[in-house]
Structure formats: C-alpha cells, structure tokens
Amino acid sequence: MTADSRPVRTRYAPSPTGDPHVGNIRSALFSWAYARANGGTFLLRIEDTDRNRLVETSLEAIMESLRWLGIDWDEGPEIGGPAAPHFQSQRLPLHQKAAAPLIGKRPAHPRPPRPERLDQMRAAQAAAKQPPGYDGTCRRLPREEADARAGREPFVVRFAMNKEGQTVLTDMVRGQVVFENKLQDDFVMLKSDGYPTYHLGVVVDDTEMEITHAIRGDEWISSAPKHIQLYEALGWEPPVWAHLPLILGPDHKKLSKRCGDTALHDFRANGCLPEAMINFLAFLGWSLDDHTSILSIDELKQHFDLARVVANPAVFDIDRLNFLNGHYIREMEDARWCQTITDWCERDLPVSVKRPIVPAVVESVAPLLKERTAKLADIAPMVEFLFSYDAPEFPVEMLVERVGDAATAVRVLDVALTSLDTVAEADWAVANIEAAIRDMEGPLEMKLRKFVPVLYVAEMGRPQGIPLFDSIVLLGRERALQRIRTARLRLG
RNA sequence: GGCGCAUUCGUCUAGUGGCCUAGGACACCGCCCUCUCAAGGCGGAGAUCAGGGGUUCGAAUCCCCUAUGCGCUACCA
C-alpha cells in the first residue's frame, strides 16, 4: 500500500532549539491543515537529538505557539498515541535497530576522521573547485579492522550512498527533481554519542509513525536523496514528499532568529490575533482561488490543498498582517472585544492605574476603539487618559502645534471653558457637548477642525485618538473642565 | 566552487496554449464621509509576465540558453 492510498497522517517535527518563528509554524500549519482537510491525523514529534543545542524552554514555547493558533495535534507530547514516544531522543533503540542491518552489507566507518582532517579535506576540495564531500577513506576499510577499531575508539556510522546513476525525488510542490548520485556524500547517520542524525531520525520515525505525507521546508530538498536512498536500502515505503517554499525576511533572506523579530510569541506579545496570523500564514505560499484573501481557520481546515502550494519563496509582509489583524478586531463580537480590551489594559496601563479595570469604562470605549486598533498593544495608550484624574503628561508645545501660536491656543482653551461651562452636569451628553464645542466657531472665528486638536491634547494628552465629544462625556464634567484649566495654566 | 530551487504590479498571489489589451488583496495616491485619528465608500496609479532564442495559426503558460536571487554543501536541524 503506497503512502498516498493510506489514511493521511502528517506531522510537525521541530527541534527544540529556540522559539519557533513564523517559517516553522507555517510548515506546521500546512501539515495540520492538510491532515484536517483530508480527515487525517496530525502528530507532533520533537526532534531533540542534538543534545548540544537543546533549549529547555523550547518545548513549551512550541506547544504554546501551536495551542495559541488552534493547531491541535492528535498524537504527540501530552496526548500520547500508538506511536509514542514522540521525543526522538527516546527512540534510540528504534534508530539503532534500523541502522544495524545496513552495517552488515554496507561498511560502518569505524573512526571519525578527526575534525581537522575533515576541515583540511573540505578546504582542499574548495580550492580545487571540486564538489565537496566526505572522501570515503574509511569506507574502504575491511570489516574486521572497522569492528576492531570501533571497539576501542569513538566512531560514527555513515551511510554508504549509491554513487551510480541518479536519485529522483517526486515532490507534490516541485514535480520531479533529479540528483546525480556521484555527487552524493556518505552522510553520518549515527553520531558518536549514539544519537541519530536528522536523516536517519526522520526516515525511521516517519516510517514507524506511518507518516504518509512528509511536509517540510525547502531547505531540506537538497537532503532528499539521502532520505530516498535510506528508504530504498531499508526496503521501506517512502512518504509523499512536499517541500514548502521558504519564507523570506524583508531582506529577502531565509528567516532566522537574528533576522527581525519573527518569533511567533513576539507577534502575540504585540497584540496579534491568532486568526489574523493563521490567515496571513495560510496565504504565504498557498491560495484558495483567484480572489479570496480573507479566510477563517475553519475554511482553511476544509479547503487546504497541497496541490495549490506554489514553489517560489514568499517575502514576509508585515503590512498585510496588520491589515488582517485590524480586520479580525473589527469582526470580533462585543463580549470578547471588551474582555480583550480589559486584558490589554491590565497588562499595559501604568501601575498607577487602579486595578481591576472598571468594566463600565471599557464597555463605553469599546466601540470607539474597535476601528482604530491595528494591534492590541495600541489599546492602552489610546485609553490611558480615561483612567487618571489628570491628563497623561504631554509636552506643552503639543497644545500649540496645530493652531500655530500660543495665543491662539490660549483663546481656544478660554472659549472652550466658557462654552462647556454652560452645559450642566445633568446635560453632560454627547449631543450637548458637540453643540457647545460647535458654538465655539463663532467667537473664535475658526473652523471646528482647525481648533479641535488643542482640546484633544488638553483632554487626552495626545493630538489624536478616540472621538473628542465622547471622550469628554466619558471623562465627566469635572475632570474634563479641570483638564482644560490645567492646559490653560501651562500656557501661562 | 559544486548541486538544487525559484523568477507575473513594491509585497502576497490568480493564471496549466486562445476567456489576459494579465484578475484579486495589502501597501501607495486622490476624492467622498468626517470633531482628530481611524474605519468605510468610490476611483487611480502600478507587471512590455527576469532577459534572449525557439515550438505553435496563437505563449505568462511548452522547450533551450543567459542573468539574478535564494537554499544546501556539519557527528545542526
């Protein structure tokens, strides 16, 4: 039974060496979505065989990122499953057992050529403009001598690649890719510490876990011949391959830890919504049709198809992410939006602001905030002025900037004070405030739009934000008037 | 250096030989709306389909060459 006729099983197999970035997670998303779209199973496997690069917090970061996005795994850490364990480091017997028969008919290389020797060899190859690769010295060693040396020295086990002919990869994204076997390298499959390298690890574990579709980043395509030949040597059925296009940073280079803050948790910390991230990632290398650009996670689960994955790398476009985030904020239902505002206020507002955040205030700003928020981290600065008696601090020049000179600003504040003072406490509502402020046009001989920035600054400490009339109502008569007096005082 | 992959508006993409004088979205610009900022509505600009050769009545779509970009080239994944 070939891989494409069995029930679909896909996996995401990160190595726990740091926080996952959007590139890794996009691979997870596509694997997951493909399984979901085909009624298959999605598993999470942790490839922790590089004991030197392990990062303690990484496993939790990976799982937390997936959970946040709603990418649920059917088998894996914390869930278990028939193919457990899901940590590669706990599967060593499986890897060694698989490698054993290979050592019989294909020579083990008993001693690691000393690192210096390998370095020299590579330097010489580069200088001679020859293809790089292990020179196979130990491959020619007689079996007895190899075994003897293995008994007393540390050693690695390399896989003896077939050097004749070609290895052909059939890939769902790229079609057929042909590799010349004579250029292939005898790669290490078991390291001297007994752990498998990635190459042995994936092949053994994907097989054991009955993975039908190996979906991974394009950086792996050069290694595909190694894996294909391993499957052949082991007599195992390979999965269907799909190499996803890389995601490039703004510098058009492959995303990495050092290239921008593309760690998923940074986006979350800045107030990105999971549905925006999913929607964004889904269209990096894939499309539904010729016109859809907004897609829910449920629609993705239903319609995702590897056949529509494109082959060319995609540049990460932060503008689009922000747009999508704003879109999903505007679509959010009110209760959740209020809760979101509360959460982010609790998190971001100065410690001087009393907790818990007053629900009534949140409810009244919520609609005003909705269409003005692109990232959730924008929320607190916009509403901070509502939570203190005095306006947040601001430079005095800000009062003057939009009207030209201090004298004009003073006049605006004076007239505002008089005008607003005529509105009684009981009448303190948007319509009356608006009327009072519009009435200022006469005495000031200025258009509303011209003088209004002064009042924004006086009330909110910033020249723009949620609407003025509403803000003044929310502040209440006393605070609103007091802030105008304070601003007036600051202008001398 | 070797090998591999890729190349359609600034960006993500639609496109699988005639529906393409190339469609959508973000970004950009303008107008409308408007108490600021947004959001929203309407409109605009933006791609000789990397370049050059073929094949064909006809090519963004098929073939070849070139260029450029990226990836890999570890006892890392």
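Every chain is numbered from 1, with letters handed out A, B, ... down the list of sequences. Small disclaimer: the values here were computed from a predicted structure and weren't measured.
The separation between A:Asp378 atom CG and B:U36 atom C1' is 16 Å, rounded to whole Å. Going from atom CD1 of A:Ile466 over to atom P of B:A38 covers 15 Å, rounded to whole Å. For the pair A:Asp317 CG and B:C9 P, the computed distance is 14 Å after rounding to whole Å. Put simply, CG on A:Leu368 is 12 Å from C1' on B:C37, counting in whole angstrom units. Rounded to whole Å, atom P of B:C12 lies 19 Å from atom CG of A:Leu295. B:U73 atom C1' lies 17 Å from atom CD of A:Glu180, rounded to whole Å. Look at CG on A:Asp218: it is 15 Å from C1' on B:U73, rounded to the nearest Å. Separating the CZ atom of A:Arg402 from the P atom of B:C35 is a distance of 15 Å, rounded to the nearest angstrom.
Among the heavy atoms of the strands, none lies under 4.0 Å from A:Gly201. Within the 4.0 angstrom heavy-atom criterion, only backbone atoms of the sugar-phosphate kind lie near A:Leu448; the bases stay farther away. Residue contacts for A:Asp470: at a heavy-atom cut-off of 4.0 Å it reaches a base atom on one of the strands shown. Within the 4.0 angstrom heavy-atom criterion, base atoms lie near A:Arg53. Within the nucleic acid shown, A:Ser222 comes within 4.0 Å of at least one base atom, counting heavy atoms only. Residue contacts shown for A:Val310 are limited to sugar-phosphate atoms, with no base heavy atom under 4.0 Å away. Residue-level contact check: A:Phe323 touches the backbone only, with heavy atoms under 4.0 Å from sugar-phosphate atoms and none from bases. Among the protein residues, A:Arg462 comes within range of no part of the nucleic acid, since none of its heavy atoms lies under 4.0 Å from any strand. At a threshold of 4.0 angstrom between heavy atoms, the contacts of A:Arg51 with the nucleic acid are absent. Base contact: A:Pro467 has a heavy atom under 4.0 Å from a base atom. Among the protein residues, A:Phe469 comes within range of the nucleic acid bases, having at least one heavy atom under 4.0 Å from a base atom.
Remark: the separation of the C1' atoms in B:A45 and B:G10 is 13 Å, to the nearest Å. For the C1' atoms, the distance from B:U66 to B:C12 is 28 Å, rounded to whole Å. Look at the P atom in both B:C33 and B:C37: the space between them is 15 Å, to the nearest Å. Taking the C1' atom of each, B:G53 and B:A59 are spaced 14 Å apart, rounded to whole Å. Atom C1' of B:G24 sits at a distance of 33 Å from the matching atom of B:U36, rounded to the whole Å. For the P atom pair drawn from B:C65 and B:G2, the interatomic distance equals 16 Å after rounding to whole Å. Comparing B:U56 with B:G40, their C1' atoms are spaced 49 Å from each other, to the whole Å. Here the separation of B:G43 from B:C26, taken at their P atoms, is 14 Å to the nearest Å.
Between A:Phe280 and A:Phe316, the distance separating the two ring centers is shorter than 6.0 angstrom. Checked against the 6.0 Å centroid threshold, A:His213 and A:Tyr34 count as a close aromatic pair.
Checking B:U68 for Watson-Crick or G-U wobble geometry (two distances, each under 3.5 Å) identifies B:A6 as its partner. Base pairing of B:G18: its partner is B:C57, meeting the Watson-Crick or G-U wobble criterion (both donor-acceptor distances under 3.5 Å). Across all strands shown, B:G43 forms a Watson-Crick or G-U wobble pair, both distances under 3.5 Å, with B:C29.
Of all heavy-atom pairs between A:Met63 and A:Pro77, the closest is SD-CB, 3.9 Å. Heavy-atom minimum distance, A:Asp19 versus A:Ala263: CB-CB, 4.4 Å.
Dashed line: the shortest gap from a side-chain N or O of A:Lys254 to OP1 or OP2 of B:G71 is not under 4.0 Å. OP1 or OP2 of B:C76 sits under 4.0 Å from a side-chain N or O of A:Lys191. Between A:Thr49 and the phosphate of B:A77, there is a side-chain N or O to OP1/OP2 separation shorter than 4.0 Å.
Listed nucleotides B:U36, B:C75, B:A6 differ in distance to A:Arg174; the shortest reach to its side chain belongs to B:A6. Set against B:G71, B:C5, B:U8, the side chain of A:Glu219 has B:G71 as its closest nucleotide. Comparing B:A25, B:C35, B:A14 against the side chain of A:Ser293 picks out B:A25 as the nearest. Side chain of A:Phe179, nearest nucleotide from B:C3, B:C35, B:A77: B:C3. Looking at the side chain of A:Leu183, the nearest of the listed nucleotides B:C35, B:A39, B:C3 is B:C3. For A:Leu468, the side-chain atoms get nearest to B:C35 when compared with the rest of B:C75, B:C35, B:G4. In this structure, the nucleotide among B:U8, B:C75, B:C70 sitting nearest to the side chain of A:Asn312 is B:U8. Nearest to the side chain of A:Asp50, among B:U36, B:A77, B:C35, sits B:A77.
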message: A:Arg45 vs A:Asp205, test: side-chain contact (heavy atoms from CB on, under 4.5 Å). Steps then yes/no.
response: CA-CA 9 Å; A:Arg45 179 177 73 226; A:Asp205 293 339; 3.4 Å; yes
CA sep, side-chain torsions, deciding dist, call: A:Leu475, A:Glu459, side-chain contact (heavy atoms from CB on, under 4.5 Å): CA-CA 9 Å; A:Leu475 283 168; A:Glu459 301 290 359; 3.3 Å; yes
message: Before you tell me yes or no, could you show the steps for A:Asp289 and A:Thr292 under side chain to side chain donor-acceptor pair (under 3.5 Å), namely the whole-Å CA-CA distance, both residues' side-chain angles and the distance that decides it to 0.1 Å?
response: CA-CA 6 Å; A:Asp289 50 36; A:Thr292 304; 2.8 Å; yes
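Using bins of under 30°, 30° to 60° and over 60° for the plane-to-plane angle, the ring pair A:Phe283/A:Trp286 lands in the tilted bin.
Comparing A:Pro245 and A:Trp220 by the nucleotide of RNA chain B that holds the closest heavy atom to each, the one mapping nearer the 5' end is A:Pro245. Summary of the strand contacts: A:Pro463 and A:Gln176 both lie near RNA chain B, and taking for each the nucleotide with the nearest heavy atom, the more 5' one is attributed to A:Gln176.
The base of B:C37 is paired with the side chain of A:Arg372 by a donor and an acceptor separated by under 3.5 Å. Between the side chain of A:Arg320 and the base of B:A25 there is at least one donor-acceptor pair of N/O atoms closer than 3.5 Å. On a pure distance criterion of 3.5 Å, no polar donor-acceptor pair joins the side chain of A:Tyr195 and the base of B:C75.
The salt bridge (charged side-chain N to carboxylate O under 4.0 Å, His left out) search around A:Lys375 returns none, not counting sequence neighbours.
Side-chain contact annotation: A:Glu60 with A:Thr57, donor-acceptor N/O pair under 3.5 Å absent.
Within a 6.0 Å radius of NZ in A:Lys163, more than 12 heavy atoms belonging to other residues, nucleotides or ligands are found.
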Pairs: protein N or O with nucleotides 18-23 of chain B N or O, under 3.5 Å:
from: B:G23; atom 1: N2; to: A:Asp290; atom 2: O; distance (Å): 3.2

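Between A:Tyr198 and A:His227 the shortest side-chain heavy-atom distance falls below 4.5 Å.
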